There are 2 protein chains.
Amino acid sequence: MRQTVPGEISKYGEGFVKGLAIDAVIFGFHNNQLKILIIEHGDANLFALPGGYIYEKEDLNDAAKRILASKTGLDGIFLDQFHIFGNYDRNNPETIKVIMQGQGIPPDPDHWILGRFFSVGFYALVDFTKAIPRTDALSDSCTWYDINDLPPLILDHKQIADKALEVLRENLDKKIGFNLLPETFTMATLKNLYETILGVPLLRSNFQRKILSLDILERAEDPVKYAHKAPFLYKFRRT
Amino acid sequence: MRQTVPGEISKYGEGFVKGLAIDAVIFGFHNNQLKILIIEHGDANLFALPGGYIYEKEDLNDAAKRILASKTGLDGIFLDQFHIFGNYDRNNPETIKVIMQGQGIPPDPDHWILGRFFSVGFYALVDFTKAIPRTDALSDSCTWYDINDLPPLILDHKQIADKALEVLRENLDKKIGFNLLPETFTMATLKNLYETILGVPLLRSNFQRKILSLDILERAEDPVKYAHKAPFLYKFRRT
């Protein structure tokens, strides 16, 4: 039985808001690859999205930042809630029991941790070469998985991940990728980011016309530095 | 003291999920006017967004539909969650006490209904000439207010309404207005809807170019019916 951490699930949820959890879909992008951070409860051989609970006096969004930082070592990155999952049948106390038993901390059968849970989905987009996934006391691994090759996930976590991807794609135009690119980048680099996240090839001329019409980019300064025929460099407009 | 209704707040929240509520921002549009449905707790002279609780075995989205139907008499209209409000300091037990005392049902001081609450914001957009606001057992009035002339609202309800308006504006292009317009409509009618919801005048040629590029409209059939120089009629594309 591994060491427990104060305030984690191993403490039977003491000090936390009951019945409401956070599940985080942390997308990692690098070199044409889009991945999701998945934790494994090794003792139970179960895969899940990283998540956690909210302290009784903690703001919801602060809890999400804390959980993200604890899993990735990253602070101050884009993070937003995208949906609350609240179907009654999304709960499965047997799965939670198996996870907790695997950790040597079987819960009381009538503990609220086995009852109905709502989950607030948060998503983030990071450069996975900069995020160092951390294994906590309750999971054996915390690993990047390609979005097209996810292991089976517990509960409705696959549905949560799918919804996050849908929202990520819808919101790509809102500078959501700004922390993935260097300060200045070419149109080809940006198109590459879009193609990987959208999962489809894009036509160069259409892409450039559309992205420029959004008014989120500006040309990088000091164009005299550029060699003849070198591609223009762009950066996100500060607003 | 007015009659209580089984399952309402007057029953001290029995049978409901604890600590989680729904607040609904129901936008009403008609003839260049954009309004929000507001209830008044007359005994306490407090104004609030309509809302309610989730039954213990009820899906979250079903609860929202039920609450919307109970306040407006409308079924099957567009309704979506847009944000969960979870700051610790959003709660104010004194306000809840005043409302309940006004109804002659003062709560026990340690009842969970006075504790921390998260609220899931849902929004809808309806034709306010078709929605018949209903007063329930716990409020004296349920009335349309112009978005620019709202009464002071309890708790963080103004912030919830503001966030809903922001999301409504961001999502206008997703056919969100389809249940507000007749099956076919002119570009001028659609532009008018946009202008009212966005709160700004739009240039006709820019608007037409942008809206057509979204690929959500198609020309209504049978153009030979149109008189010479009559404006084209459009309808939303079925997808």
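The structure presented is a predicted model; accordingly, all values stated were derived computationally and were not measured. Convention: sequence-line order gives letters A, B, ...; per-chain numbering from 1.
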> Measure the spacing between NE2 of B/H83 and CG of A/L60 and express it to the nearest 0.5 Å.
7.5 Å
> Go through it in stages, so that I can follow the logic: the residues are A/I54 and B/R116, the test is side chain to side chain contact (heavy atoms under 4.5 Å, CB included), and I'd like the CA-CA distance, side-chain angles, deciding distance and then a yes or no.
CA-CA 12 Å; A/I54 305 142; B/R116 179 174 187 177; 4.2 Å; yes
> Between B/Q81 (side chain) and A/I84 (backbone), is there a donor-acceptor pair under 3.5 Å?
yes
> Would you call A/F118 and B/V120 a side-chain contact if the rule is heavy atoms closer than 4.5 Å?
no
> Are there over 12 heavy-atom neighbours, none belonging to B/K235, within less than 6.0 Å of that residue's NZ?
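Correct, the count exceeds 12.
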> For B/Y88 versus A/D59, what's the shortest heavy-atom pair and its separation?
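Heavy-atom minimum between the residues: N-OD1, 2.6 Å.
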> Can you tell me if B/K158 has over 12 outside heavy atoms packed within less than 6.0 Å of its NZ?
no
